[in-house]
Trainee: 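Let me give you the structure first, and then I'll get to my questions.
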Protein chains: 2
Amino acid sequence: MSSPFHPDYNPLIRKLESVFILTDDERQVLETLPMQVAVLKDRQDIVRGGDRPSRSCLILSGFACVYKMTAHGKRQIVSFAIAGDIPDLQSLHLKTLDTSIATISPCRVGFIPHEALRDLCLRYPPIGAAFWRETLIDAAIFREWVMNVGQREGVSRMAHVLCELVVRLKAVDLVEDHVCDLPITQIEFADALGFSPVHVNRVLQQMRAEGLIETQGTRLRIPDWDKLKEVGEFDPTYLHLVREDVAA
Amino acid sequence: MSSPFHPDYNPLIRKLESVFILTDDERQVLETLPMQVAVLKDRQDIVRGGDRPSRSCLILSGFACVYKMTAHGKRQIVSFAIAGDIPDLQSLHLKTLDTSIATISPCRVGFIPHEALRDLCLRYPPIGAAFWRETLIDAAIFREWVMNVGQREGVSRMAHVLCELVVRLKAVDLVEDHVCDLPITQIEFADALGFSPVHVNRVLQQMRAEGLIETQGTRLRIPDWDKLKEVGEFDPTYLHLVREDVAA
DNA sequence: CGGCCGGTTGACAGAACTCAAGTGATGTGG
DNA sequence: CCACATCACTTGAGTTCTGTCAACCGGCCG
């Protein structure tokens, strides 16, 4: 159990402040949340669909993903989780998890008891509203993913996901000079986009050829942000950021 | 403005009670919500993406859909709204709408001021939790749609959406003897599933040939519920119903 | 009656999948 | 230290699902 005023709370507060305006008081209260920190290796399940957890997990560092499996064993990644995200915050009000969550890269994860979260929401309604808002933005992202997977093809579909990732990473200061670390494999992109891994590979090659992205290892560089946004038809409205400059 | 204790509140309460346990007191309080009722023709926008509404809309009867448009004018329906649904409840905490909502059939719609909803949530935290839960279930449905559009093909994808619709209709007593009224055109299914209208037509024909569905006009009959569920890989967990018999 | 809309059908095209093989980097064990 | 396995990525060839285009039917409504 880490003590209050620990830097572990920074990702949470930075993320919340990208979509909600907190008072000094509220910031301070958030740091009183009890949290058990764990260090996880890559490709490990954090929670599994069907679980009935009594706590939610806050990603402190690293990349994770929320996914579901079809009856025939195909995996759909429904969202990527980065620092500051609480990908199973919904379990606060939905007893049974309908998704699994797994790390992609090595992660530091903080577990926060539901009881503490519920208590905080009741005693500080604005904080309750902030968490509700978080889950509503998650829903908006899922809606956008439905559209992305349903209507866009090839390069456009991939470009859209990359745009979203970059903006969300920027909101928590993980992008510098149009460069970020993105330890997501082509297989994982395939599961997120509804493509085959082979197709992802070809799409990425085409994007590199067209100067939309540059990669070396896990580092991604966006040479021309406006062009990528246009190809991906990316309009960040659905992310409901309070600092709109993040998406510019 | 309709008066309290009016039958207009029945769809809302019936829907809430399918996913949340209400006390008599809470039921009564819900009926004090001010609501302006409107009658709309089919294929009319109720609200549009980009709007900043000061009220949410409750579907009292009829079918509506939540949709988004791509930059190239393609439409993705991200969910169908039926009696009891509040498809833009999220606008309570997200100022700008990122989706549009339109009627499919003629609808009766109740508009509830955000102020009244916010007030109720503050004064009755369990009701606040119930509404939060509603939005979380919406998010769970979006996640399932991402998987459906991303991983399932043809008959399976269509079967899944039909299963979901039937269960949700059953939850508000709109299914009798495996028969329901479904005034959704093939074009609308196409926009919901990410198919072309022609493909929807062929998929439906195949499903009729395989005895999965029977249709006459807008009436849909499910001759073999278990078979349809199996083909659509439908597991109703994600709907988080409190009365689980509804999905049986 | 004519127009319109939703549904249906056929022929063809194209996006994406599968299978299969091969590369290169990393890591492990003898 | 090298052989070997593993994993992510790459490439090619053939297949399949789904889209596009186009035409046509039948019911409904003005």
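Given the structure is predicted, the values throughout are model-derived calculations rather than measurements. Note on naming: letters A, B, ... go to the chains in the order of the sequence lines (proteins, then strands), and numbering restarts at 1 for each one.
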Trainee: Rounding to a whole Å, what distance do you find between B:I187:CD1 and C:dT8:C1'?
Mentor: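 Going from B:I187 (CD1) to C:dT8 (C1'), I get 13 Å.
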Trainee: From A:T70 OG1 over to B:E233 CD, what is the distance, rounded to the nearest 0.5 angstrom?
Mentor: 4.5 Å
Trainee: Whole angstrom is fine here: how far is it from CG in B:D42 over to C1' in D:dC28?
Mentor: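 The answer, rounded to whole Å, is 13 Å.
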Trainee: Should the ring pair B:F234 and B:H160 be called parallel, tilted or perpendicular, given that the plane angle runs from 0 to 90° and is split at 30 and 60?
Mentor: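 Perpendicular: the ring planes of B:F234 and B:H160 meet at over 60°.
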Trainee: Expressed in angstrom and rounded to an integer, what is the separation of A:I184 atom CD1 from D:dC9 atom P?
Mentor: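 About 11 Å, once rounded to whole Å.
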Trainee: Atom CZ of A:R152 and atom C1' of D:dG19: how far apart are they, to the nearest Å?
Mentor: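 For the pair A:R152 CZ and D:dG19 C1', the rounded distance is 18 Å.
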Trainee: Heavy atoms from C-beta onward define the side chain here; which of C:dA16, C:dT18, D:dA8 lies closest to that of A:E153?
Mentor: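 Closest of the options to the side chain of A:E153: C:dA16.
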Trainee: Considering non-hydrogen atoms only, spot the tightest contact between B:G194 and A:Q151 and give its length.
Mentor: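 Heavy atoms only, the tightest pair is CA-NE2, 4.3 Å.
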Trainee: Using atom CD of B:E188 as one end and atom P of C:dC5 as the other, report the distance to the nearest whole Å.
Mentor: 13 Å
Trainee: Reckon B:T185 touches a base, only the sugar-phosphate, or nothing at all at heavy-atom distances under 4.0 Å?
Mentor: sugar-phosphate
Trainee: Mind calculating the distance between NE2 (A:H199) and C1' (D:dC17) to the nearest angstrom?
Mentor: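 Rounded to whole Å, this separation is 13 Å.
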Trainee: In whole angstrom, what separates A:F189's CZ from D:dT10's P?
Mentor: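 One finds 13 Å between P of D:dT10 and CZ of A:F189, rounded.
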Trainee: Just checking A:R208: base, sugar-phosphate only, or nothing, at a heavy-atom cut-off of under 4.0 Å?
Mentor: sugar-phosphate
Trainee: Considering only NZ, NE, NH1 and NH2 on the basic side and carboxylate oxygens on the acidic side, decide whether A:E144 and A:R152 come within less than 4.0 Å.
Mentor: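 Looking at A:E144 and A:R152, the cut-off is met.
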Trainee: C:dT8 phosphate, OP1 or OP2: any side-chain N/O from B:N201 under 4.0 angstrom?
Mentor: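 Yes, B:N201 has a side-chain N/O under 4.0 Å of OP1/OP2 on C:dT8.
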Trainee: Which atom names give the shortest non-hydrogen contact between B:I59 and B:P11, and what distance separates them?
Mentor: O-CB, 4.3 Å
Trainee: Grab the CD-P distance between B:Q205 and C:dT8 for me, whole Å please.
Mentor: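 Taking atom P of C:dT8 as the reference, CD of B:Q205 is at 6 Å.
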Trainee: Students often get this wrong, so: under 4.0 angstrom with heavy atoms, is B:G194 touching a base, only sugar-phosphate, or nothing?
Mentor: sugar-phosphate
Trainee: Return yes if the base of D:dG12 and the side-chain atoms of A:R202 contain a donor-acceptor N/O pair under 3.5 Å, otherwise no.
Mentor: yes
Trainee: Check this one for me: any side-chain N or O of B:Q186 less than 4.0 Å away from OP1 or OP2 of C:dT8?
Mentor: yes
Trainee: Taking only side-chain nitrogens and oxygens of B:R43, does any of them come within less than 4.0 Å of OP1 or OP2 of C:dG6?
Mentor: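 For B:R43, the contact criterion (side-chain N or O under 4.0 Å from OP1 or OP2 of C:dG6) is met.
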